[in-house]
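Residues take their numbers from the sequence shown, with the count starting at 1.
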Amino acid sequence: MASQANIKHRPANEWIGCLTYKSTATTNPTPADLQAIVNQARTRNRQMGITGMLLFEDGCFLQTLEGPPAQLDVVWNAIKRDKRHCNIEVLSERVSQSRLFSQWDLLLYNGQGKASGSAAHASAPPAISRYVRKITKLALAADSAGLDGLVGGLVEQGWKGDAIVGLLIEPAARALGDAWLADQCCELDLTIGLSMLQLAGQWVRHEPTRLGTDPAAYRILLATSPGEQHMLGTALLADQFVAAGWQVEVAFPASTEALANQIAAERPDAIDLALSDALPRRHALTRLSTAISVSRRAASNQPTIVSVGGRIFAEDAVTAVMVGADHARRSVVGASISIAELVQQKRKS
Ligand SMILES: Cc1cc2nc3c(=O)[nH]c(=O)nc-3n(C[C@H](O)[C@H](O)[C@H](O)COP(=O)(O)O)c2cc1C
């Protein structure tokens, strides 16, 4: 589960390249043709230390590949030469400190909502992740009854709130973002889909997490980064911090000044500023950095922990240090614990 809030730094020679592209199939591949591509790919990927995911739907491929940059280049060059597809368009290319598909030589999503794969290591990914595609489709179709049924069913089966949020809702938000980036839905569909996920998240009850000290003494301001219109992360965090007994204020500031005013008035122990969980929002990082330094000045007489979150932090592309924050969460799951620890440390120092 992507719940490790504190980012561990790896030496530069261990960085993982990650590439996502879409392309058009030049023929209409049968399931056997697809399986042949995947079998050939898995053998090579295993030899090269490459992991990833391949989706085929409506005549198009969407593939994510991750691995050591030199090996990734070799495989990518072979894929680009392959006559079985055309119109290859890179959707994202980045380096990361961890893999998203570490268990999979190549996970195949076959367009029927089923995922099949060959585990690179002995253990399979958590069973719940196979529902990501389903929940993404339901969210895009704004099918709230379907979502309630799916999430409610998982709760009945005994799935814990943290697993549903970290393994299902957050990945579905990123999948919605990918669908938008790949022009498979419009911005309105994306926004509606995220709201649907937010609603589904409300069905999930979080286990109260108690630390040694009573967290009721802690106050947090959960805010979207100024100007950010996607609020899924902030909403999910609010549920979690309330369950953990914090005093929670939520804000959607339109400007950095509005955020600063709220911080000066609330004097929270911690602030979380969230960018979109669906889109990387690279262009919003400068504004986020400014918001963080303005927040620190507004809270100058109070030792305040500043946390950040959103897809760009979940994917390790940017760290807390780069934007001037104390903490970057890779998931909303576990955030109340790691931020409480930082508040405790700051109070002691
Ligand atoms: C959509 C698609 C995805 C592919 N993915 C991979 C892959 O992940 N790894 C891989 O080694 N080959 C993959 N292949 C096959 C390569 O394109 C290529 O045929 C194979 O690596 C052998 O290449 P070579 O004979 O040029 O060395 C894929 C092919 C297609 C059409």
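In this structure, Y21 and W76 have tilted ring planes: the angle between them lies in the 30° to 60° band.
Rounding to the nearest 0.5 Å places CG of L273 at 8.5 Å from OG1 of T234. A distance of 4.5 Å separates CZ of R281 from OG of S276, quoted to the nearest 0.5 Å.
Considering every non-hydrogen atom in both P171 and G166, the closest pair reads CD-O, 3.4 Å. Nearest approach of T64 to C18, heavy atoms of both residues: CG2-SG, 3.9 Å. Shown here for R329 and A274, the closest heavy-atom pair between the two residues is NH2-CB, 3.5 Å. Shown here for A41 and L106, the closest heavy-atom pair between the two residues is CB-CD2, 3.7 Å.
Counting only heavy atoms from C-beta outward, the side chains of F252 and M231 approach each other to under 4.5 Å. Put simply, the side chain of Q229 does not reach to within 4.5 Å of the side chain of L194, judged on heavy atoms. Using a 4.5 Å cut-off on side-chain heavy atoms (C-beta onward), L140 and C185 make contact. Side-chain atoms of I271 and T304, non-hydrogen and from C-beta on, do get closer than 4.5 Å to each other. In this structure, L72 and L65 have side chains that are in contact, with non-hydrogen atoms separated by less than 4.5 Å. By the 4.5 Å heavy-atom criterion applied to side chains, L197 and I135 are counted as neighbours. You'll find the side chain of M48 reaches within 4.5 Å of the side chain of V74, heavy atoms only. Contact of the Y218 side chain with the I339 side chain is not registered, since no non-hydrogen atoms from C-beta on lie closer than 4.5 Å.
The closest donor-acceptor contact from the side chain of N77 to the backbone of D73 lies under 3.5 Å. Judged by distance alone, the side chain of R330 and the main-chain N or O of A314 form a donor-acceptor pair under 3.5 Å. In terms of modelled atom types and a separation under 3.5 Å, the side chain of N87 and the main chain of S23 share no donor-acceptor contact. A donor-acceptor pair is defined here as one N or O able to donate and one able to accept, closer than 3.5 Å; such a pair exists between the side chain of R311 and the backbone of A278.
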| task | Under the side chain to side chain donor-acceptor pair (under 3.5 Å) rule, what do H327 and S338 come out as? Steps first, then yes or no, please. | result | CA-CA 9 Å; H327 173 264; S338 44; 3.2 Å; yes
| query | Under the side chain to side chain contact (heavy atoms under 4.5 Å, CB included) criterion, do E170 and S331 qualify, and how do the steps go? | reply | CA-CA 8 Å; E170 290 182 320; S331 165; 2.7 Å; yes
| Going through the checks in order, is the side chain to side chain contact (heavy atoms under 4.5 Å, CB included) test met by T191 and H230? | CA-CA 7 Å; T191 308; H230 293 166; 4.2 Å; yes
| Stepwise, does the side chain to side chain contact (heavy atoms under 4.5 Å, CB included) test hold for Q63 with I79? | CA-CA 11 Å; Q63 187 172 26; I79 292 174; 3.7 Å; yes
| task | Decide yes or no on side chain to side chain contact (heavy atoms under 4.5 Å, CB included) for F241 and D272, but give the supporting numbers first. | result | CA-CA 11 Å; F241 276 86; D272 183 273; over 6 Å; no
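Under 4.0 Å is where a charged nitrogen must lie from a carboxylate oxygen, and between D33 and R84 no such pair does. Under 4.0 Å is where a charged nitrogen must lie from a carboxylate oxygen, and between R347 and D269 at least one such pair does.
Residues satisfying the salt bridge (Lys or Arg N to Asp or Glu O under 4.0 Å) test with R287, not counting sequence neighbours, are none.
With respect to P253, the side-chain contact (heavy atoms from CB on, under 4.5 Å) criterion is satisfied by exactly one of I263, L221, L259, N261: L259.
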